[in-house]
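Just so you know, these numbers use all the heavy atoms, side chains as well, and skip hydrogens, waters and symmetry mates. What you are looking at is a predicted structure, and each value in this text was computed from that prediction instead of being measured.
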2 protein chains.
Amino acid sequence: MTSEAHPQPGGHAVPLGFEHHDHSACVTTALKAAEARCAEERLRLTPVRRKVLELLLQDHRALGAYAILDRLREEGFGSQPPVAYRALDFLVENGFVHKIERLNAFVACAHPGQSHSPAFMICRICDAVAEAQSAPAKGALGAAARAAGFQIERTVVEAEGICPACAEKADA
Amino acid sequence: MTSEAHPQPGGHAVPLGFEHHDHSACVTTALKAAEARCAEERLRLTPVRRKVLELLLQDHRALGAYAILDRLREEGFGSQPPVAYRALDFLVENGFVHKIERLNAFVACAHPGQSHSPAFMICRICDAVAEAQSAPAKGALGAAARAAGFQIERTVVEAEGICPACAEKADA
DNA sequence: GCCGATAACGTTATAAGATCACATGGGGGT
DNA sequence: ACCCCCATGTGATCTTATAACGTTATCGGC
């Protein structure tokens, strides 16, 4: 549903924010950082989990669980849904990956290690996803929650629209 | 998954904001308002669509498409998924109903007619849903979008936490 | 009032997303 | 070395959502 093999064979020039950037470097960096944090916190970054994180970092876009599962199968891992879902659960719980509710899909965290209240911008044309920080509990929503006596634990903030690249194409 | 028959047989004292209120009146009012707006805008509020809206207004909580479908079947409407999904598509497109992405479920709009940038508070214990207004595009997210050149068309804002009623129970 | 276009409906089938339950295996701590 | 826990692999199943296609109702123009 969300996307297949990425179009850039070379391994760079893939949208992160929405800017292009050298990519292969950023994947290995992020992976190393994840390893470090897991070692530090006694978390087990097993082969499947590491692979799933790597896949998401490589694609740098939202991937559905079954797209991930397909790749795992190709790499010789188990091929039943729980394999992918369990790895994703671990990665999401520990903040390495976020779920995009709107797409029922997953992206690697773009700001790992930092405090989490992520907001996403999702291009409805190409499904590219950019991550920003948000503080929804500080605005109108926070006020409404306080007034209602509702205790916010977590927020989902996802903006749908058009990314710069697709906007440019539309103009042409 | 989300919820079954509602616990209050009488038809009142069901959470809206999260406050209790006389309910049967509010259903008929909202239904009349919807009829009026449809007439005005040449929208066809057909029997299925009207029934789905009525069901959602009655329950005043998030219902999954298949829960709705069950009720439709009981009422003698078609019983295949597209029947429910098409009615929901219509209602969502026209702002009578909102989809709660987090729950893959639907609620009747609590502020019909007004401008739409809804935010939701979802109780993770009882699945009650309250609707508030939000303006996410005005805060940090809006700034990030402008900086990135992303055009926001729609936003999903959903806060997960504990509603007042469930917080009280937990204290006891 | 009739007719053509369009939109809504009903049904079958199937895709996509997610979880349950249970057996097996590998690693770390003592 | 042992045990136990956690993670993995697998099969089955459940929920959510859409595709495709024929039929029926409704609206607007005449």
Side-chain angles (χ1 to χ4, degrees), chain A residues 1-4 35 38-53 56 62-94 96-107 124 127 156, chain B residues 1-4 34-35 38-53 56 62-94 96-107 127 156:
Chain A
M1 175 201 191
T2 24
S3 66
E4 324 311 323
E35 275 167 9
C38 284
E40 193 178 317
E41 301 187 26
R42 295 282 192 296
L43 298 172
R44 296 165 65 177
L45 189 61
T46 62
V48 212
R49 292 169 176 175
R50 193 180 188 283
K51 194 60 178 185
V52 170
L53 179 56
L56 287 171
L63 286 181
Y66 281 70
I68 290 167
L69 189 56
D70 287 344
R71 308 271 198 108
L72 287 179
R73 180 182 298 112
E74 290 166 13
E75 306 271 349
F77 292 94
S79 59
Q80 294 327 114
V83 173
Y85 279 104
R86 284 193 290 234
L88 288 166
D89 284 349
F90 169 86
L91 295 167
V92 168
E93 257 169 37
N94 294 290
F96 297 115
V97 162
H98 299 294
K99 177 167 190 185
I100 308 296
E101 299 290 346
R102 187 68 220 274
L103 302 176
N104 295 318
F106 302 82
V107 268
R124 73 167 154 80
D127 271 1
V156 172
Chain B
M1 171 202 193
T2 24
S3 66
E4 325 311 323
E35 273 167 9
C38 284
E40 193 179 313
E41 300 187 26
R42 296 281 189 299
L43 298 172
R44 296 165 65 179
L45 189 62
T46 62
V48 213
R49 292 169 176 176
R50 192 178 189 285
K51 193 61 182 183
V52 170
L53 180 56
L56 287 171
L63 286 181
Y66 282 69
I68 290 166
L69 189 55
D70 287 344
R71 310 271 198 108
L72 287 179
R73 181 182 299 113
E74 289 166 13
E75 306 271 349
F77 292 94
S79 58
Q80 301 311 311
V83 173
Y85 280 103
R86 283 194 289 237
L88 287 166
D89 284 349
F90 169 87
L91 294 167
V92 168
E93 258 169 36
N94 294 289
F96 297 114
V97 162
H98 299 296
K99 177 168 189 182
I100 308 296
E101 300 289 346
R102 189 72 220 276
L103 303 177
N104 294 318
F106 302 83
V107 268
D127 271 0
V156 172

S.K.: Can you find an N or O donor on one side and an acceptor on the other, under 3.5 Å apart, linking the side chain of Arg44(A) with the base of dG28(C)?
M.R.: no
S.K.: Phe77(A) has an atom CZ; how far is it from atom C1' of dT8(D), in whole Å?
M.R.: 11 Å
S.K.: To check you understand the geometry: which heavy-atom pair defines the closest contact between Ala62(B) and Ala105(B), and what is its length?
M.R.: CB-CB, 3.7 Å
S.K.: What verdict does the side-chain contact (heavy atoms from CB on, under 4.5 Å) test give for Leu45(B) and Phe90(B), after you've listed the backbone C-alpha separation in whole Å, the side-chain angles of each residue and the deciding distance to 0.1 Å?
M.R.: CA-CA 9 Å; Leu45(B) 189 62; Phe90(B) 169 87; 4.3 Å; yes
S.K.: Ser79(A) has a side chain; which of dT10(D), dT8(D), dA17(D) sits nearest to it?
M.R.: dT10(D)
S.K.: How long is the line joining CZ of Arg73(B) and P of dG10(C), in whole Å?
M.R.: 13 Å
S.K.: Could you state the CG-C1' distance from Leu69(A) to dT8(D), rounded to the nearest angstrom?
M.R.: 13 Å
S.K.: Would you call Asp70(A)-Arg73(A) a salt bridge at under 4.0 Å N-O?
M.R.: yes
S.K.: With respect to the side chain of Gln80(B), which nucleotide from dA18(C), dT12(C), dT18(D) is positioned closest?
M.R.: dT12(C)
S.K.: For Asp70(B) and dT16(D), what is the distance between atoms CG and C1' respectively, to the nearest whole Å?
M.R.: 13 Å
S.K.: Hey, are the side chains of Lys51(A) and Arg71(A) touching, using non-hydrogen atoms and a 4.5 Å cut-off?
M.R.: no
S.K.: By centroid distance (under 5.5 Å) and plane angle (under 30°), are Tyr85(B) and dT18(D) in a stacked arrangement?
M.R.: no
S.K.: Please determine whether a side-chain nitrogen or oxygen atom of Lys51(B) lies at a distance below 4.0 Å from atom OP1 or OP2 of dC9(C).
M.R.: no
S.K.: What integer distance in Å separates Arg42(A):CZ from dG29(C):C1'?
M.R.: 12 Å
S.K.: Report the residue (Pro82(A) or Pro47(A)) whose heavy-atom-nearest nucleotide on DNA chain D is the more 5′ of the two.
M.R.: Pro47(A)
S.K.: Between atom CG in Asn104(B) and atom P in dT18(D), what is the gap in whole Å?
M.R.: 10 Å
S.K.: dA8(C) phosphate, OP1 or OP2: any side-chain N/O from Arg49(B) under 4.0 angstrom?
M.R.: yes
S.K.: Atom CG of Leu103(A) to atom P of dT18(D): distance rounded to whole Å?
M.R.: 12 Å
S.K.: Looking at dC9(C), dA17(D), dT10(D), which one has an atom nearest to any side-chain atom of Phe106(B)?
M.R.: dA17(D)
S.K.: Roughly how many Å is it from CD in Glu93(B) to C1' in dA8(C), rounded to a whole number?
M.R.: 13 Å
S.K.: Return whichever of Arg86(B) or Pro81(A) has its heavy-atom-nearest nucleotide of DNA chain D closer to the 5' end.
M.R.: Pro81(A)
S.K.: Below 4.5 Å, heavy atoms only, C-beta onward: do Lys99(B) and Val107(B) meet side chain to side chain?
M.R.: no
S.K.: With a 4.0 Å cutoff (strictly under), does any side-chain N or O of Thr46(B) reach OP1 or OP2 of dA25(D)?
M.R.: no
S.K.: Is there a donor on the side chain of Tyr66(B) or the base of dA17(D) sitting less than 3.5 Å from an acceptor on the other?
M.R.: yes
